[in-house]
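Small disclaimer: the values here were computed from a predicted structure and weren't measured. Heavy-atom basis, side chains included; hydrogens, waters and symmetry copies ignored. For ligands, and for the atoms within them, numbers begin at 1 and follow the listed sequence.
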Amino acid sequence: MSHVAVIGAQWGDEGKGKIVDWLSSRAEVIVRFQGGHNAGHTLVIDGKVFKLSLLPSGVVRPGKLSIIGNGVVVDPWHLLNEIASLQGQGVDINPSTLLVAENAVLILPFYATIDKAREEARSGGKIGTTGRGIGPAYEDKVARRAIRFCDLAQPDLLREKIDNLLFHHNSVLRGLGAPEIDRAGFENSLAEITPKLLPFISPTWLRLDQEMRMGKKILFEGAQGSLLDVDHGTYPYVTSSNTVSGMAAVGSGVGPRDIHYVLGICKAYTTRVGGGPFPTELFDEIGEGIGQRGKEFGTVTGRKRRCGWLDAVALRQSVKVNGIDGLALTKLDVLDGMDELKICTAYKLNGKLIDYLPASTAQQKAIEPVYETWPGWKESTQGARSWSQLPSKAVKYTKRIEELIETPIAMLSTSPEREDTILVKDPFLGR
Ligand code: GDP
Ligand code: IMO
Ligand code: MG
């Protein structure tokens, strides 16, 4: 029995939601293991659009169990709103179909304020965070002062924790001359939602263990992408969690041996939203065209995504740090009709060729991409559901990607619709 981790292999928005939704027909349990509502995963099912930020993308499939794991930082107000909004779209969500880890950390209302204020005050390049308090939540987690779901049921302990938390944050706010946190208001709003949250809370690691023993298939759903990983990404222009596949184990409470296949999701080109280095970024009408055809606007913030050529160097690095077994290549259709396509196969740094993305921000900004050029195709790949429906030049482009990143393509996506997907190798069959 195989369990599969799906992770973004670029800077996020690779189409993880679509692929997880598709794969979840083959799994019984779908688990989010990191990030928070900074994610924006769009699913299109028979023309109906579902936008998810916090809930696992398998939630739209009846009869599946969705789990928000301990590695996720959860804004409980957002969680209740997202549940209500999906229920409004006819999705059945209740405490038997959705569980939230009792040891997951809460995103508190003032985290978003801190997040935005810090971005504003930042000297040098802005990170361009989603402003949803993700950074402050993970900071409080590692500083051991965060509030976790299990604390909500323990009023005395919760008060003590709030003392600790506010002592820290109010000291900082006072230093900045900013207004302090209104304790009563905060406590009241938390008390108001606690009864609605408690039914969802559970030791999810234990449930996962039981499900695995019963032979159920688990799908671990990553958010963001490897180049936004706090260790392996373009630091400091990253998110505050580990986004790589190793986190699937840590962030859900299973052992690393329980992940049998790592599926990396990657667009047929590259995008990035927010600040930070992007070696293959296009500033011309070609990039503009990709953005228009690919509808490259952020789900969470509505920001325009920066677009560029496929960066096979950074992608190969993602393959290595995640242990990617197979790639799901998405949005090939967006490249239809282009005269030629470029793939970055190396970087030039101070006149020398290098075959990896260096860690230093200065070097990441200084590197120049080295490209090879491939002929484009005029035919449409949109909606193709078999390899034989693809023009030969599109097939050659994908074969070259496989060669450069030393990894096979396991799935191909040719439109936002669930069923417009080509399966080459079923990840649930294992490596
Ligand atoms: P995620 O964050 O990785 O889940 O990706 P997003 O949902 O933020 O962004 C991917 C966007 O591309 C969504 O609007 C999807 O509906 C859309 N999409 C996914 N796969 C394809 C594809 O193969 N072709 C096209 N044209 N759009 C796709
Ligand atoms: P999905 O799951 C793309 C980016 C933000 C910013 C940086 C830090 O939809 O692929 P944060 O709010 O996390 O502190 O912001 O990370 N970012 C994403 N970019 N897709 C995402 O998620 C992202 N989540 C965060 O734009 O540059
Ligand atoms: Mg997204």
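Distance alone, capped at 3.5 Å, places no donor-acceptor pair between the Thr194 side chain and the Leu152 backbone. Between the Glu211 side chain and the Arg207 main chain, no donor and acceptor come within less than 3.5 Å of each other. Lys267 contributes a side-chain N or O that, together with a main-chain N or O of Asp13, makes up a donor-acceptor pair within less than 3.5 Å.
For atom 10 (C) of ligand 1, the closest non-hydrogen atom of the protein is Asp13 O, 3.7 Å. Atom 4 (O) of ligand 1 has Gly17 N, 2.8 Å as its closest protein atom, hydrogens excluded (heavy atom only). From the protein, the heavy atom lying nearest to atom 13 (O) of ligand 2 is Thr239 OG1, 2.6 Å. Of the protein's heavy atoms, Thr42 CB, 3.8 Å lies nearest to atom 14 (O) of ligand 1. Nearest to atom 16 (O) of ligand 1 among the protein's heavy atoms is Pro416 CB, 3.4 Å. Among all non-hydrogen protein atoms, the one lying nearest atom 20 (N) of ligand 1 is Ser413 OG, 3.4 Å.
Between Lys18 and ligand 1, not a single N/O pair is under 3.5 Å apart. The shortest N/O to N/O separation between Asp115 and ligand 2 does not fall below 3.5 Å. Considering backbone and side-chain atoms alike, Val273 places an N or O below 3.5 Å from some N or O of ligand 2. Here's the thing with Gly12: none of its N/O atoms is less than 3.5 angstrom from an N/O atom of ligand 2. The shortest N/O to N/O separation between Lys16 and ligand 2 falls below 3.5 Å. Backbone and side-chain nitrogen or oxygen atoms of Arg132 are examined, and none is located within less than 3.5 angstrom of a nitrogen or oxygen of ligand 2. Distances between N or O atoms of Val334 and those of ligand 1 include no value under 3.5 Å. Note: an N/O pair closer than 3.5 Å links Ile127 and ligand 2 by distance alone. Considering backbone and side-chain atoms alike, Thr130 places an N or O below 3.5 Å from some N or O of ligand 2. At under 3.5 Å, a nitrogen or oxygen of His41, whether backbone or side chain, sits near a nitrogen or oxygen of ligand 2.
His41 meets the ring-ring contact (aromatic ring centres under 6.0 Å, His included) test with no other residue; sequence neighbours excluded. For Asp325, the salt bridge (Lys or Arg N to Asp or Glu O under 4.0 Å) partners are Arg431, not counting sequence neighbours. Residues satisfying the ring-ring contact (aromatic ring centres under 6.0 Å, His included) test with His78, not counting sequence neighbours, are His37.
Ring-plane geometry between Trp309 and Tyr371 is classed as perpendicular, the angle between the planes exceeding 60 degrees on a 0 to 90 degree scale with a lower cut at 30.
Distances from ligand 2 to the non-hydrogen atoms of Arg303 include at least one value under 4.0 Å. Residue contacts with ligand 1: Arg305 is included, with a non-hydrogen atom under 4.0 Å away. A heavy-atom separation below 4.0 Å is not found between Gly12 and ligand 1. At least one heavy atom of Gly128 sits less than 4.0 Å from an atom of ligand 2. Contact between Gly40 and ligand 2 is present, with at least one heavy atom of the residue lying under 4.0 Å from the ligand. Close to ligand 1: Gly40, with a non-hydrogen atom less than 4.0 angstrom away.
Under 4.0 angstrom from ligand 1, the non-hydrogen atoms of Asp333 all belong to its side chain.
With respect to the salt-bridge test (charged N to carboxylate O, under 4.0 angstrom), the residues Lys18 and Glu417 do not qualify.
Donor-acceptor pairing under 3.5 Å is recorded for the side chains of Trp374 and Glu372.
Contact annotation: the side chain of Val254 never approaches that of Trp205 to less than 4.5 Å [non-hydrogen atoms, C-beta and beyond]. Here the side chains of Asp229 and Gln224 are not in contact, with every heavy-atom distance at 4.5 Å or above. A 4.5 Å side-chain heavy-atom check between Val4 and Phe220 finds every atom pair outside the cut-off. Tyr111 places none of its side-chain heavy atoms less than 4.5 Å from the side chain of Asp75.
Against a heavy-atom cut-off of under 4.0 Å, Gly274 is close to the following atoms of ligand 2: 27 (O). Within ligand 2, counting atoms from 1 as listed, the ones closer than 4.0 Å to a heavy atom of Val238 are 7 (C), 8 (C). Ligand-side atoms of ligand 2 in range of Ala39: 1 (P), 2 (O), 9 (O), 22 (O), range being under 4.0 angstrom from any heavy atom. Close contacts between ligand 2 and Ala223 involve ligand atoms 2 (O) [criterion: under 4.0 Å to a heavy atom]. Atoms of ligand 2 lying under 4.0 Å from any heavy atom of Trp11, numbered from 1 in the order shown and given with element: 3 (C), 19 (N).
Between Tyr347 and Tyr356, the distance from one ring center to the other does not fall under 6.0 angstrom.
With respect to Ser415, the side chain to side chain donor-acceptor pair (under 3.5 Å) criterion is satisfied by exactly one of Thr421, Asp420, Thr381: Asp420. Between Arg306 and the options Glu296, Glu281, Glu288, a salt bridge (Lys or Arg N to Asp or Glu O under 4.0 Å) holds for only Glu281.
Within the sub-2.8 Å shell of the Mg ion (ligand 3), the protein contributes these N/O/S atoms: Asp13 OD1, Gly40 O.
Between the choices Glu417, Arg293, Lys331, the shortest heavy-atom distance to atom 21 (C) of ligand 1 belongs to Lys331.
Atom CD1 of Ile127 is separated from atom CD of Glu119 by 5.0 Å, given to the nearest 0.5 angstrom.
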>> salt bridge (charged side-chain N to carboxylate O under 4.0 Å, His left out) for Arg132 and Asp115? Distances and angles first, verdict last.
In response: CA-CA 7 Å; Arg132 294 195 151 183; Asp115 189 359; over 6 Å; no
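A cation-pi arrangement is not found for Lys304 relative to Phe297, the charged atom failing to lie both closer than 6.0 Å to the ring centre and inside a 45° cone about the ring normal.
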